[in-house]
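We name chains A, B, ... by the order of the sequence lines, and we start the count at 1 in each one.
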Amino acid sequence: MDIEKRRSTAALSESHDGFPVTESRSNTGDTSMKDEGTLGSPSLPVSPIKTTSHKRKTSDDFEKKKKKKKTDKHKHKHKNGTKKENGNDLATVKNSKEKKKRVKKEETPLDSQTIEMKDEEEEKYRWWEENNDNDEIKWHSLKHNGVLFPPEHVPLPSHVKLYYDKKPVDLPIQAEEVACFFGAMLNTEHAQNPAFQNNFFSDFKKIVLEHGGANVEIENFDNCDFSKIFEHYESQKTIKKSLTAAQKREIKSEKDKFEEKYKYCLLNGRRERVGNFRIEPPGLFRGRGSHPKTGRVKKRIYPEDVSLNLSEDAPIPPPPEGHQWKEIKHDNTVAWLATWRENVTNTVKYVLFAADSSLKGRSDFKKFEKARELKNYIHRIRKDYKKNFSSKVMLERQMAVATYLIDVFALRAGGEKAEDEADTVGCCSLRYEHVTLKPPNTVVFDFLGKDSIRYYQEVNVHEKVFKNLRLFKKSPKQPGDDLFDRLTPNILNKHLQNYLPGLSAKVFRTYNASKTMQDQLDLIPNEGTVGEKVVKYNAANREVAILCNHQRTKPKSHDMGVQRISDNIREMFWQKLRLKRMILELDKSLKKTKPYYFEELDDLSVEEEQAIQDRVIAKEREKVTKKFARDNEKLKTEDSPLLPEAMLEEKLQKIDELAAEYKKELKTRKPEIKSVTVTVEKLESQVEKLEQRIRNATLLLQDKEDNSQVALGTSKLNYIDPRLTVMFSKKYDVPIEKLFSKTLREKFAWAIESADENWTF
DNA sequence: GCCCCTACTTAGCAGAGAGGGA
DNA sequence: TCCCTCTCTGCTAAGTAGGGGC
């Protein structure tokens, strides 16, 4: 691709943070990437790459193990003397065939440095048809093209500056970049948050000083004016928006072409998608809730910070020119392709496989199978924890109550949190103040859970749970103290392992979510239209989301949208009444022969009818005026003569006439029938159509209200066994496309291909 | 037994893109 | 066809779990 072209097209694209993006730095020897030491990174010396073979199990070990297993299976088969095909044996045959193919493929000469990830329209890899019980080895061979670095900061035009005390500030480029992080997000809630402002400002001042200071001494945040920077980025957004569809397509296709090679890797010789192949761009840390570090500067990541993981015999992707990778690893017991450490939270970040990869799919499948297994143990677990509500050992009581809460209310485990994180809790970290007891057995839970989402529930609990909670809160305990002072998720999980290896607190959430979904789906009658069935499926999904406390912020447009739909429904109802009045105009006797049909004729008060009429007329006027303006706007750009004002007047005049007609109707309740061809039958059929539209709109409104603060996606993506959805789709004859988006269909291909209409969780 | 670290899953948000109504 | 709304997708923060070292 022409580098200049890429520069100019990409200059109009935008990064996640809302910054204009120039070119993406690749690791294909792009010389434009200079280490300017942005955000305190010194110029890094070129050092030899450290290469470690960090395998806990070598591929030789893997081969040996595999061989042994094969022999064992072979023996087993003969012992049983059956001809039943063994999945593993089939897999072995398949694998050896595939291996031959693979070797051939990998021997194909590649372009000098890039591994080609050709899509030879090969069949989708049906990993779920193979046995694989080796969790330890994540891959046998792994080749990839490295990671994509974010674009460098594009200096602001000379007239765009930060102002301090109304004076323009000349900032060192590194500090300008940070000022831009803030300036670009001036209209967000983060930028209004004092903690965010403080953290940003203290890092910003440091960076200004570190890079030689500015022409003005910057001391006070309140004296800073970032508005010019904000306007600059807003105008860039407008330019981008105003491109023609063709231009936008062109830019996107160039971008896709450029990124193509990072999107795929060769996992055991097969082309599989990589998930987040982009290194996270620098910016301001957007912590959730009251995170003490929110607003701090997230530094730019360089190749020197990034370790890659791939096969020993895989070509090492060349780092951007003048740079080196931190380390090259060959660890086949892990599923990451690249890793680096983030400076604000000091956490490790990974580049992983995509959700539709065989590796992720297999682990998802195992997660749901483990949850299904819990079915066979749950009865005993429940019996045991009920017994232990009265145990003499405090730890056992705490364990019993915690297991109860996790089981019944789907609470998370609740690990310990550090001082420099948001104060959120889960089951084991619940404190005195999070639980209020109302005798005889009501408990109010009120705490911030993951992502600082509030969990508020007033519930009735088992009488002994109530008594125990009172005991766990007993003096000298006071606000701030742990409710479960003997318990940690680790202890609890170790206890759960006694029932079933691999059982942990989080399995209960998966189990209860999927169980709830199964139960809800079982209640749905197999009748009605596809649309109606989808609404019922969503309602079942919603039950799960509520159980898991998956929330979302009410969309800003929600209240207005609800109002609009309600208004529409009332308008349709009014139109329906008018049609019925017309029917009576044609045949008065019907009122006696079909009294029920005309029962609703008085359901609208004169006041409400008046209000509806006013709305309808106002809407009509607005529509006509807007269309007139739009048409003229278009004619203006074409240099054609504009439409005469009289034309608009004429149309508005007609609306006035209609308004007068409605007004008359308000008194007479007798709408005028304008066409001679109108018949009772025709009007009745129109009534029927309106009734259907009203029903649809009412359903839509209900759905909108119910979903306004509940996020359905999270449970669909992570908790509900996808085979339940597939079962529903097949049994109820609802196209899977109505239930799973494209990405979900890809992620859950294994479920779509393997479950039938009789599948049960 | 505790703490720290690594590895991976789960989560909401924001922007992009699709889709539907006027 | 255009515009607006809603859904989808990408992003990355925030959890869980478990292993290893002391």
OP1 or OP2 of B:dA11 under 4.0 Å from side-chain N/O of A:R509: yes
Is A:D305 paired with A:K326 through a side-chain N to carboxylate O contact shorter than 4.0 Å? no
For the residue pair A:K293 and A:T345, confirm or rule out a side-chain donor-acceptor distance under 3.5 Å. no
So does A:D256 pair up with A:K252, basic N to acidic O under 4.0 Å? yes
State plainly whether the residues A:R431 and A:D485 are in salt-bridge range, i.e. N to O under 4.0 Å. no
Give a yes/no on whether any side-chain N or O of A:T188 is located under 4.0 angstrom from OP1 or OP2 of B:dA14. no
With distance as the sole criterion, is a donor-acceptor pair present between the side chains of A:Q551 and A:N549 under 3.5 Å? yes
Which listed nucleotide (B:dG12, C:dT12, C:dT9) is nearest to the side chain of A:S741? C:dT9
Would you tell me if any nitrogen or oxygen in the side chain of A:H291 comes within less than 4.0 Å of OP1 or OP2 on C:dA14? yes
Taking B:dC8, C:dT12, B:dA11 as options, the one with an atom nearest any side-chain atom of A:L352 is B:dC8
So what does A:K494 touch, heavy atoms closer than 4.0 Å: a base, only the sugar-phosphate, or nothing? nothing
Distance test, side-chain N/O of A:K240 to OP1/OP2 of B:dA16, below 4.0 Å: yes
Can you identify which nucleotide, out of C:dT12, B:dC8, B:dT9, has its nearest atom closest to the A:Y350 side chain? B:dC8
Measuring to OP1 and OP2 of B:dG12, would you say a side-chain N or O of A:T714 lies under 4.0 angstrom away? yes
N or O in side chain of A:K506 less than 4.0 angstrom from C:dG15 OP1/OP2: no
Does OP1 or OP2 of B:dT9 have a side-chain N or O of A:Y719 closer than 4.0 Å? no
Residue A:S504, side-chain atoms from C-beta onward, closest of C:dG10, B:dC13, C:dG18: C:dG18
What are the residues of residues 411-429 of chain A, sorted by number, that bring a heavy atom to within less than 4.0 Å of DNA chain C? A:R412, A:A413, A:G414, A:G415, A:K417, A:T424
Do the side-chain N or O atoms of A:K293 get closer than 4.0 angstrom to the phosphate oxygens (OP1, OP2) of C:dA13? no
Quick note, A:K742 side chain, CB onward, closest among B:dA16, C:dA13, C:dT9 is C:dT9
Quick check for you: among B:dC8, C:dC11, B:dT6, whose closest atom lies nearest to any side-chain atom of A:V334? B:dC8
Which part of the nucleic acid does A:S363 contact within heavy-atom distance under 4.0 Å: base, sugar-phosphate only, or nothing? sugar-phosphate
Against the side chain of A:R288, the closest entry in C:dA17, B:dT9, B:dG12 is B:dG12
Kindly say if A:N718 contacts the phosphate of B:dT9, meaning a side-chain N or O under 4.0 Å from OP1 or OP2. no
What is the minimum heavy-atom distance between A:V534 and A:V734, and which atoms define it? CG2-CG1, 3.8 Å
Are the charged groups of A:D203 and A:R296 less than 4.0 angstrom apart, N to O? yes
On a plain distance test, is the side chain of A:K450 in donor-acceptor contact with the base of B:dT10 below 3.5 Å? yes
